[in-house]
Amino acid sequence: MSAFLDHLPEFWEGLIVTLQLIAASFAGAVVVGFVITAMRVSPVGVLRGIGTAYVETFQNLPLLVLLVLAVFGLPEIGIKASLLVTAVVVIALYEAAYIAEALRSGVNSIAVGQGEAARALGLTFGQSLRHVVLPQALRTVIQPMGNIFIALTMNTALAGAVGVVDLTAAANRVNLMEAQPIPIFVGAGLAYALIAACVGLVTGRLERRLVMVR
């Protein structure tokens, strides 16, 4: 345990990077996920096709492959960014596919009459989606969104494999110096577990307060 405690500053710096990755990636994933959901339920066939292709593509590719391609491939075509920014963008785009599917299931759970009533009031497709359908759909998928948030938290550990010095990379570096993997990685694992527990607690409370009982 002393190997873990002696390197607390390194772990703390890695934890801060991990929290930045989680917050920025989730925010980006939610924004992109809403856009993809709107495309998936759009009355325009081309938009539905693009949304479907996006979801199928990102759900069928390993995140680590996407990270490696982005980190090593994008500079080859002149697109350069820091490792942290690249990791955030890739993780956000990847997780957006899962958020879009969760939101779409929420939209499908809303009665058709809700959309018809909105259109009868003169709202456009975008307005009825933004003001009527999505707010109700979001309340039905709070727990799935929390599960995606937890999965995203765990997936950020892959950023360490492409050079981002997050909590996992910090633990690996300390282990290379101390050669005591059990206390070092148990400590890092507990930090991830604590983050996941906090997310589960928050989403559980939100679900109890906002869930739509049917």
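Quick note: residue numbers are just sequence positions, from 1. Just so you know, these numbers use all the heavy atoms, side chains as well, and skip hydrogens, waters and symmetry mates.
Shown here are the side-chain hydrogen bond (donor to acceptor under 3.5 Å, both in side chains) partners of N175, two or more places apart in sequence or in another chain: there are none. In terms of the ring pair (Phe, Tyr, Trp, His ring centres under 6.0 Å) criterion, residue partners of F149 (sequence neighbours excluded) are, by chain and number, F26. Evaluation of the ring pair (Phe, Tyr, Trp, His ring centres under 6.0 Å) rule for Y54 yields F58 as partners, not counting sequence neighbours. Remark: S82 pairs with no residue by the side-chain hydrogen bond (donor to acceptor under 3.5 Å, both in side chains) rule, at least two apart or across chains.
To the nearest 0.5 Å, atom CG of residue L66 and atom OG1 of residue T86 are 13.0 Å apart. Summarising the geometry, atom CE belonging to M145 is positioned 11.0 Å from atom CG belonging to L206; distances are rounded to the nearest 0.5 Å. Note that CG of L134 is 7.0 Å distant from OG1 of T37, once rounded to the nearest 0.5 Å. Note that OG1 of T153 is 10.0 Å distant from CD1 of I91, once rounded to the nearest 0.5 Å. For the atom pair L21 CG and L158 CG, the distance stands at 11.0 Å (nearest 0.5 Å).
Taking a 6.0 Å sphere around CD1 of I182, one finds it holds 12 or fewer heavy atoms contributed by other residues, nucleotides or ligands.
Residues N172 and F185 meet the side-chain proximity criterion, which asks for heavy atoms closer than 4.5 Å.
For the pair I184 and A171, the tightest heavy-atom approach, listed with the atom from each and the gap, is CG2-O, 3.4 Å. Heavy atoms only, all atoms of each residue included: A70 and P75 are closest at O-CD, 3.7 Å. Across all non-hydrogen atoms, the minimal contact from D166 to G160 is OD1-CA, 3.6 Å. Heavy-atom minimum distance, L103 versus A137: O-CB, 4.3 Å. The two residues A87 and A159 make their nearest non-hydrogen contact at CB-CB, 4.1 Å. Contact detail for V85 and A81: the closest heavy-atom pair is CG1-CB, 4.2 Å.
Side chain of R48 to backbone of P43: a donor-acceptor contact under 3.5 angstrom is found. The backbone N or O of G106 sits less than 3.5 Å from a side-chain atom of S109, completing a donor-acceptor pair.
Test V107, I36, L47 against V41 for side-chain contact (heavy atoms from CB on, under 4.5 Å) and you get one pass: V107.
With a 4.5 Å cut-off between side-chain heavy atoms of Ile, Leu, Val, Met, Phe, Trp and Tyr, the cluster of I79 takes in L74, I77. With a 4.5 Å cut-off between side-chain heavy atoms of Ile, Leu, Val, Met, Phe, Trp and Tyr, the cluster of L69 takes in V65. V165 belongs to no hydrophobic cluster, as no Ile, Leu, Val, Met, Phe, Trp or Tyr side chain comes under 4.5 Å of its own. Residue V31 belongs to no hydrophobic cluster, having no ILVMFWY side-chain heavy atom closer than 4.5 Å to its own.
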Show me the donor-acceptor pairs within less than 3.5 Å that the side chains of residues 189-204 make with the rest of the protein, sequence neighbours left out.
from, atom 1, to, atom 2, distance (Å)
Y192, OH, T168, OG1, 2.7
T203, OG1, V199, O, 2.9
T203, OG1, G200, O, 3.1

Using residues 8-20 as the side-chain source, report each donor-acceptor pair under 3.5 Å to any protein atom, sequence neighbours left out, with the distance given to one decimal.
from, atom 1, to, atom 2, distance (Å)
E10, OE2, H7, ND1, 3.1
T18, OG1, G14, O, 3.2
T18, OG1, L167, N, 2.9

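Pairs engaging residues 52-67 under the salt bridge (Lys or Arg N to Asp or Glu O under 4.0 Å) rule: none recorded [sequence neighbours left out]. Pairs of residues two or more places apart, or lying in two chains, that qualify as salt bridge (Lys or Arg N to Asp or Glu O under 4.0 Å) and include a residue from residues 97-108 are R40-E101, E101-R104.
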- Query: What's the verdict on side-chain contact (heavy atoms from CB on, under 4.5 Å) for L63 and L67, showing C-alpha distance, side-chain angles and the deciding distance?
  - Reply: CA-CA 6 Å; L63 176 57; L67 284 168; 4.1 Å; yes
